[in-house]
Structures are given as C-alpha cells and as structure tokens.
2 protein chains.
Amino acid sequence: MIRVMIAEDQALLREALTALIGLETDIELVGAAADGEEAHRLIRQHEPDVVLTDIEMPGMTGLELAALMKREQRKTRILIVTTFDRPGYLRRALESGVAGYLLKDGPSTALAEAVRKVAAGERVISPELAHQAWSEDDPLSDRERKLLRLAEAGLDSGAIAEETGLARGTVRNYLHAAISKLGAGNRIEAARLAREKGWL
Amino acid sequence: MIRVMIAEDQALLREALTALIGLETDIELVGAAADGEEAHRLIRQHEPDVVLTDIEMPGMTGLELAALMKREQRKTRILIVTTFDRPGYLRRALESGVAGYLLKDGPSTALAEAVRKVAAGERVISPELAHQAWSEDDPLSDRERKLLRLAEAGLDSGAIAEETGLARGTVRNYLHAAISKLGAGNRIEAARLAREKGWL
DNA sequence: GAAGCGATATGACAGCTGTCATGTGCGACA
DNA sequence: TGTCGCACATGACAGCTGTCATATCGCTTC
C-alpha cells in the first residue's frame, strides 16, 4: 500500500484530488494539508511515502518542502502538481530535489501512475515538459532579478534606488543589463520575458 | 435528477470534478468538455440543466458561453468555478448572465450545494466575494483598456501608435488618462493596478 | 439652435529611461 | 604579483514618457 499525502491550498482541487486517489486500491491517503507548514507537520506525524503538492502555497512552497525533506533526511518524496509550465520552474524544482513534476493539464490517469513510479524510486516529469528541462539558462544576476521585480511593480528608477540603497544611475545600469541580456526593448518587456521563462 | 456538464481545460481538475460529482446521488454528469467550443457543441446535444465552467478556456470563455445561452434562449444555466477573485471578474460574470460564481478556494461541499441551488433557479455567489460585487466601478474606457494592455506587454508609445493607427501623442494621452484615473505614477503601475482589480 | 459633454486627436515641454563610456574595488587564479 | 573577470557605481546624451493646453466632432439636453 502506498501512503500518500496531499498539500494544496485550493480546497476544491484538494478534495477533488482526494476523491481521485480514493478510486485507487493500492494507494492510501493519510492526510491533507491546506498550506506548507501544516503539510510539514503532517509529514512528520504520518511519514507518508509520497506528498502531492502545488508549488505556490501559503506558508511554504512545494519546493521549500522538497528541500526540507532532503535536509531532514526523510524518505518521503515530493511530487509537484502545478499549472506552471515555465521552464525555470521545472529547473528550480529539480534542483530542490523533487521526485516528480506533473502539470494539471495532464490526464488524471497520469496521477496514480506517477504516484506509483515516485513511490518506486523513479523520477517522473510531465512529457510536455521533459524536452524543455534544460532548455535555457537564467542569465540574470540576483541584483538584476530584484530590480526587475521592482520595475515590474511600477516603481521608477528613483523609487527603486531609494528602496535598494543604490544610485539612480546604477539602477538604470542594472536594468539595462537585464534588458540587454533578455533581448528586450525596455524594462517592461524584459520583466514580461523573464516572468514567462520563470526567472522571476 | 439534475443533469450537469463540465467545461474545464485542465484535465486533472476536470476529471477530479467528475469524481466529485459522481459522489452525489441526485446529480448526473452528462458530458465534459476541454474547451469552450466543445462545450457549446455538447450543450446543444445534451441540453444540461447546469454547466460547471472556468472563465478562461481555449476557444470560448465561460462568460461568452453564458452570454450565448441567453442569446440562444436556452434553459441551461452557467455556474462559474474559477480561481479569479478579482472584483471586476465577478461583475463582468454577473453582467454576462451567469447563474453562479464559485471560487476554487471554497470547500468542495459547496459545489454540489451550488449546483442544486442553480438548478432550482437561485443565484449563487461565493460568500468571500459577495461583499465586493459592487465594490468599485471600472473607470477605464475601451480605448484606455486596449492601450494599457499593449503597454503592459512592453510596447512603447511608438509601437502602440503603429499597432492602433493612432498618433504617438494620442497614445500618450490615453495612457495619461488611465494613469490619472487609477492614481498610478506611470503606465506600468497603472496596468498592474487595473489587472489586480480585474479590469484588464 | 445653443450649450454642454465626452471621445478623439495633437503638440510642447520638463523629467525619466535606455545606452554607453568610464572608473573603482574585490576575489580568483595562474 | 599581476591581470582577469565581475559586481558596483556614475555621468552624459538622445529619445521616450507624463503632463497639460488646446481643438474638433458627434451626441444629448434644454
């Protein structure tokens, strides 16, 4: 019997996944959490074989949860189930040590199958994504990413400078580097491109 | 017996909803569609009492589907099930003539209950949203909305002018109006604010 | 018909943005 | 130790953006 836990903040999807798992005879649901911290607590309590989780959750993301499993040397393996099909997300997920990455777009039959494979120690990646796993490197530095996020929120160079303690000219310089690396025409387009790739 | 159809492009959620509906004894599933056009075809074929649908779908949105039901004078009623909790979305949905608007955040028990109420002719709105239904009017004109969307994508005034056939000065003027109406400091912030409200 | 109003349209001007040249300091590495 | 690369920093300049004054047109209201 494979012991599974669900961590998903959308109640409807969480309970629907519960219903789907309930249809399988060789998989047992041992808990369901609505946020990352509750998930961590329940994992320590039940020590499931596999945790189905979204990436974005209140409290703790699915990726942080995966990193935590590694740090605490648990055998519990993380299977990400998400809508985000951006290359950067998959890359970051794999680097966090997740055992699988499924898209919510995929057929539900893939879910139980993926749980079985992950429980057996295999690594599972949505076929739609497998080819783009190592597609393109994030060329942005931490500084560029941070300033790009502020620019995306609508702050002008002066406000970003104040926020970060940099000079206005320096802010423009970093944004110029980001714009140039991404092949964009301005900071707005640069932010959009970076977000599409999953780099923000 | 209430006859229900599901229109949802995420396969996993679609099949999970199917599983949830399957648990109810007084509700019967008569079809499931992965996009708006397929949904329309299946509605004409099966004439369900209620259609569960997301707003954003390939082919046709759930709101367009609702408007179509009204135009074709069908008795089929649309129940929106979505993640979008922005005020503007609910307002536009109600104006499109939907019979209900549920958040995926809500408990799954609310789903069957909502289906029953909608089938009985009632109107159902997620309690989290009810208070903000008429919270704030969209102050933007169609022209302003369109230009704001182009600006959000990273086009500069010149590119937007070319795209729309307007003069550069006119483009800046419309964006200025939008910025001013929204109390923003620049076009980026204006686009962000408008999107948060659900006006884009 | 005249006044009022909103949508459309344009140009002038100050300030902001993107680009580039240039410079400093720090750690890596042969 | 030198120099190489990289992050950090700044100023100059052309072009773009935000703001405002202004004007036309169609429609409503009296």
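Keep in mind it's a predicted model, so treat the numbers as computed, not measured. So you know, we letter chains A, B, ... as the sequences are listed, proteins then strands, and number each from 1. These numbers come from the heavy atoms of this one structure, side chains and all, not from hydrogens, waters or symmetry mates.
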Below 4.0 angstrom from OP1 or OP2 of [N], is there any side-chain N or O of [X]?
X        : N      : result
B/Tyr174 : C/dT8  : yes
B/Arg187 : D/dT17 : yes
A/Arg172 : C/dT19 : no
B/His176 : D/dG18 : no

Gap between atoms [atom1] and [atom2], on [X] and [N] respectively (whole Å):
X        : N      : atom1 : atom2 : value
A/Lys181 : C/dT19 : NZ    : C1'   : 16 Å
A/Leu140 : D/dA7  : CG    : C1'   : 15 Å
A/Asn186 : D/dG15 : CG    : C1'   : 13 Å
B/Leu182 : D/dG18 : CG    : C1'   : 15 Å
B/Arg168 : D/dT17 : CZ    : C1'   : 10 Å

Which of these nucleotides, C/dA9, D/dC8, C/dG18, is closest to any side-chain atom of A/Thr170?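 From the listed options, D/dC8 comes nearest.
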Given C/dT17, D/dG18, D/dC20, the nucleotide with the shortest approach to the side chain of B/Asn173: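 Among C/dT17, D/dG18, D/dC20, the one nearest the side chain of B/Asn173 is D/dC20.
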Does [X] [atom1] have over 12 foreign heavy atoms under 6.0 Å away?
X        : atom1 : value
A/Lys146 : NZ    : no
A/Glu72  : CD    : yes
B/Gln45  : CD    : yes

Which atoms form the tightest heavy-atom contact between B/Leu140 and B/Arg145, and what is the distance?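 That closest heavy-atom pairing would be O-NH1, 3.5 Å.
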In terms of the nearest nucleotide of DNA chain C, which residue is placed more toward the 5' end: B/Leu166 or A/Gly169?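 Upstream on the strand: B/Leu166.
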Do A/Ser157 and A/Arg187 get their side chains close enough for a donor-acceptor pair, meaning under 3.5 Å?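 Yes, because at least one side-chain N or O of A/Ser157 sits under 3.5 Å from a partner of the opposite role on A/Arg187.
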Assign B/Leu175 to base, sugar-phosphate, or nothing according to its heavy-atom contacts below 4.0 angstrom with the strands shown.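 No contact.
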Please list, in numerical order, the residues of residues 142-159 of chain A that have a heavy atom closer than 4.0 Å to any atom of DNA chain C.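 Result for residues 142-159 of chain A: A/Asp156, A/Ser157, sorted by number.
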What I want to find out is whether B/Arg41 reaches B/Glu37 closely enough, with some N-O distance under 4.0 Å, to be called a salt bridge.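 No, this pair does not count.
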Starting at the 5' end of DNA chain D, write a dot or bracket for each base, bracketing those in Watson-Crick or G-U wobble pairs whose two distances are under 3.5 Å and using | for partners on another strand. ||||||||||||||||||||||||||||||
Passing option when A/Glu144 is tested against A/His176, A/Arg149, A/Lys181 for side-chain hydrogen bond (donor to acceptor under 3.5 Å, both in side chains):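 Only match with A/Glu144 under side-chain hydrogen bond (donor to acceptor under 3.5 Å, both in side chains): A/Lys181.
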Gap between atom CG of A/Leu148 and atom CD1 of A/Ile179 - 0.5 Å precision: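 So the CD1 of A/Ile179 and the CG of A/Leu148 are separated by 8.0 Å.
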Could you point out which residue of B/Lys117, B/Arg116, B/Lys75 forms a salt bridge (Lys or Arg N to Asp or Glu O under 4.0 Å) with B/Asp49?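 Testing B/Asp49 for a salt bridge (Lys or Arg N to Asp or Glu O under 4.0 Å) against B/Lys117, B/Arg116, B/Lys75 leaves exactly one candidate, B/Lys75.
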